[in-house]
Amino acid sequence: MGALRLVIVALLAAGIAAALTGWVLNQRQISARRAYSYYPSPYSPIAPLGGVAGATPAPTAAETPNPLANDPAAVAEGHKLFMSMNCAGCHGYDAKGGMGPNLTDTYWRYGGTPERIYESILNGRPKGMPAWGLALPPQHIWQLVAFIQSLGGTVSSGMAQAAAEGNLPDKGQNKGASDQQ
Amino acid sequence: MRCLVVAVCVLGGSISAAAQQTPASSARTSYTLATASFAGAGKPGEWTSQARDYANTRYSPLEQINATNVASLRLAWSFSDGTQYGHEGGPLVVDDTMYLVTPFPNIAFALDLTKPSPSVKWSFQPNPSPIAIGKACCDAVLRGWAFDDGKLIYNLLDAETVAVDVKTGKQVWRTRMDDPGRGVTMTMSAFTVDGKVFVGNSGGEMGINGWLAALDVTTGKELWRAHAVGPDSDVRLGPDFKPFYPQLEGKDLGVSSWPANMWRTGAGSSWGFISYDPDLKLIYYGTSNPGPRVPAQRPGDNLWTSTMFARDPDTGMAKWAYQFTPHDEWDYDGINEAVLLDMPINGKMRKTLVHFDRNTYAYTLDRTNGEVLVAKNFAYQNWSSGFDMKTGRPIVDPASEPKPGITLDRVCPPDLGQKDWEPPAFSPHTGLLYVGVFNICMKLTDHEVSYIAGTPYDGMEMTRFSVDGKDGDWGAFIAWNPATGTKVWSLPEKFMVMSGAIATAGDIVFYGTTDGWFRAVDAWTGKVLWSQKLGSGVIGQPVTYLGPDGRQYVAVAAGVGGAALVQKSRDGFPPRGNTLYVFSVNGDTIAAQDVPQASTAAAPAAVTPQ
């Protein structure tokens with residue numbers, strides 16, 4: 001298995017995360033396993049081991065809008081996380097796609113409402129999107145959602161049904177036809 | 001009917017006039033007098049491994065198709081495999097059966113060539129895990145497959161190697177090689193020799209730990225694994241290791257040329273082609289860029305990344321190594337293939353290895369010891385101001401060195417190099433190599449990155465553009481003299497040329513373009529003799545073979561994807577979709593017996609026109 005011997009150091013309960021935020025989607029405490037590589041700082045960040053999709057159960061509250069959606073500070077924090085969590089490495093620094101799909105257009109594989117995007121980040125998706133529920137507290141995930149919402153392609157919760165049926169009012173902006181993965 | 005000589009092999013009479021002429025080229029003399037061993041090539045009419053022979057020449061002795069008739073190439077038949085990711089492999093032809101494996105989900109097909117419009121003998125679905133799709137940096141591709149010991153052997157994107165019985169289409173063995181969850185995928189073509197299968201990993205952008213492994217052909221059991229980074233025991237360096245350059249000598253350089261522990265995520269994957277010299281008993285292959293791609297985070301030479309290894313295939317122990325790009329700062333993987341040629345250089349016959357590196361130097365090395373004999377640029381670059389033949393090191397221009405947070409407006413080439421993995425061809429007639437190249441640069445901003453398992457350990461923010469500005473070409477196809485390090489001719493192409501090339505005894509060279517042209521070119525002059533637009537871009541590898549009917553065919557898969565996708569917003573970039581196209585002179589092929597006949601019903605009464 002190669003010489004990549006990561007040492008899993010600590011388990012921390014992300015109940016902390018729940019405590020930070022009054023509006024946690026999932027009331028159940030998500031236990032976040034944190035893994036450390038044994039490199040000296042700054043080379044020792046958290047590792048969501050391998051990113052197995054579906055590592056945490058889907059959240060239940062299907063219609064929760066992003067509590068941070070219009071908060072510019074949250075968008076800025078989300079952008080920082082997008083860089084520091086290596087989302088940019090897969091989705092592109094401009095979020096227009098790469099190894100992962102474009103997050104700026106109106107085409108969504110798994111739904112473009114805030115709660116579907118939250119779910120994509122929390123649980124991962126089968127074709128290689130890591131599950132971040134073990135590594136990031138809900139607040140950070142909502143910040144990421146806020147950042148993605150700021151990119152302009154997302155769908156409001158009320159439009160979920162229309163979006164799922166491909167019946168969004170077409171503004172000729174659906175660049176997602178180029179999504180060929 | 002198997003016929004190799006054009007003049008006696010006139011099919012259907014339609015090319016008789018043309019076939020009278022001998023190709024003008026046969027009288028000319030080689031530019032270099034270079035030769036290759038062609039060992040491992042199978043029968044003249046077959047194509048039994050990706051590179052056709054151990055030396056990686058991609059040269060076929062067939063000459064039915066030549067300058068006199070190549071313009072009459074027409075479609076004989078085609079085959080759609082139903083997949084969408086980039087199709088980078090070339091079909092193999094063994095004993096009148098063609099073997100084809102798709103990109104993810106890596107379905108294998110055996111096509112019976114004795115039937116008109118070949119039918120599927122069997123297909124095999126290995127069902128690799130879809131998690132690998134999002135871990136593959138450059139599309140869910142597969143660069144080829146191997147045929148040996150009655151088995152079709154290939155890598156699955158989710159880091160397994162599988163062997164399929166060619167008679168039954170049933171799995172014989174399947175070996176898990178690594179964990180895709182951590183970002184390891186496998187995209188290279190398996191290579192087999194002497195009862196062993198050689199495979200390596202991909203994931204140089206994901207902070208993986210690179211390796212090449214040998215498996216037993218019969219059982220799939222792992223025999224040895226050599227890493228590109230880490231202590232000598234991991235890298236398999238022992239008393240027999242004798243590099244040519246002194247900076248490559250010393251204990252555990254794969255550890256000490258890195259900041260503490262950084263080698264563990266230092267990449268050095270191997271995902272290109274392997275070649276083999278049966279006399280020296282050495283295999284040759286290159287390793288990828290170091291991780292992370294941000295050089296400021298890993299001071300040092302970062303051995304043994306961007307390096308060529310010569311190893312004993314039985315033990316995996318290295319005989320020599322040579323690092324093309326010490327402390328790579330621009331993602332210049334060293335994985336490109338080694339073509340093994342013997343040629344006089346400065347009047348002395350040398351056993352050489354020719355390698356077009358992503359860093360834009362074309363190297364002619366002594367393959368017995370790793371000495372640089374020739375190092376010349378085959379395309380435009382601006383990261384290196386020269387080459388130090390004493391140390392074997394390129395001289396870096398400090399103006400092109402990235403620093404985190406600072407944008408460099410124009411570094412050439414970009415991460416993809418001026419040549420990526422697409423393999424060249426060699427013709428023993430001309431003594432030249434033929435290769436698809438690029439003409440591109442990047443705007444580059446490095447960002448410091450953290451290692452998070454299974455995510456990119458990358459940090460390069462880039463936009464790529466033509467060397468020649470907004471409307472400039474992105475590619476070219478060139479003929480190269482490896483003895484002098486000079487370009488003989490060059491064909492400009494609007495898009496990066498990412499298909500493999502083949503050369504034939506008919507003095508024709510074939511290649512494809514990312515905008516879907518498949519071309520036949522005069523090997524001596526570079527004159528385009530035939531072009532056919534295919535259904536998608538060509539990033540696969542052409543092959544040529546004799547059918548059971550004695551006709552010479554040329555086959556290539558269209559199906560754009562892979563790194564060519566960096567051009568997808570340019571006008572004229574084709575849609576995806578994989579189809580194999582097979583051409584012959586006039587499109588002649590085995591006639592179909594079972595064409596439906598219109599049945600005449602009771603004739604209606606004739607109607608007299610008014």
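Every chain is numbered from 1, with letters handed out A, B, ... down the list of sequences. These numbers come from the heavy atoms of this one structure, side chains and all, not from hydrogens, waters or symmetry mates.
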So OG of B:Ser569 and NZ of A:Lys96: to nearest 0.5 Å the spacing works out to 9.5 Å
Tabulate, in ascending numerical order, the residues of residues 87-95 of chain A having at least one heavy atom closer than 4.5 Å to a heavy atom of chain B, or enter 'none'.
A:Gly89, A:Cys90, A:Tyr93
If you round to the nearest 0.5 Å, how far is CD1 of B:Ile131 from CE of A:Met129?
11.5 Å
Measuring heavy-atom distances to chain A, does B:Met460 have an atom under 4.5 Å in its side chain, in its backbone, in both, or in neither?
backbone
Residue pair A:Met99 / B:Pro456: nearest heavy atoms and the distance that separates them
SD-CG, 4.3 Å
Of all heavy-atom pairs between B:Lys135 and A:Pro130, which one has the smallest distance, and what is that distance?
NZ-CG, 4.0 Å
Which region of B:Ala132, side chain (C-beta onward) or backbone (N, CA, C, O), has a non-hydrogen atom less than 4.5 Å from a non-hydrogen atom of chain A, or is it both or neither?
neither
Please test A:Asn86 against B:Val449 for side-chain contact (heavy atoms from CB on, under 4.5 Å), starting from the C-alpha separation and ending with a verdict.
CA-CA 7 Å; A:Asn86 297 345; B:Val449 278; 4.1 Å; yes
Greater than 12 external heavy atoms within 6.0 Å of B:Lys403's NZ:
yes
Measuring only between side-chain heavy atoms, which start at C-beta, is B:Ile452 closer than 4.5 Å to A:Met85?
yes
Could you list the residues that satisfy side-chain hydrogen bond (donor to acceptor under 3.5 Å, both in side chains) with A:Lys80, not counting sequence neighbours?
A:Glu77
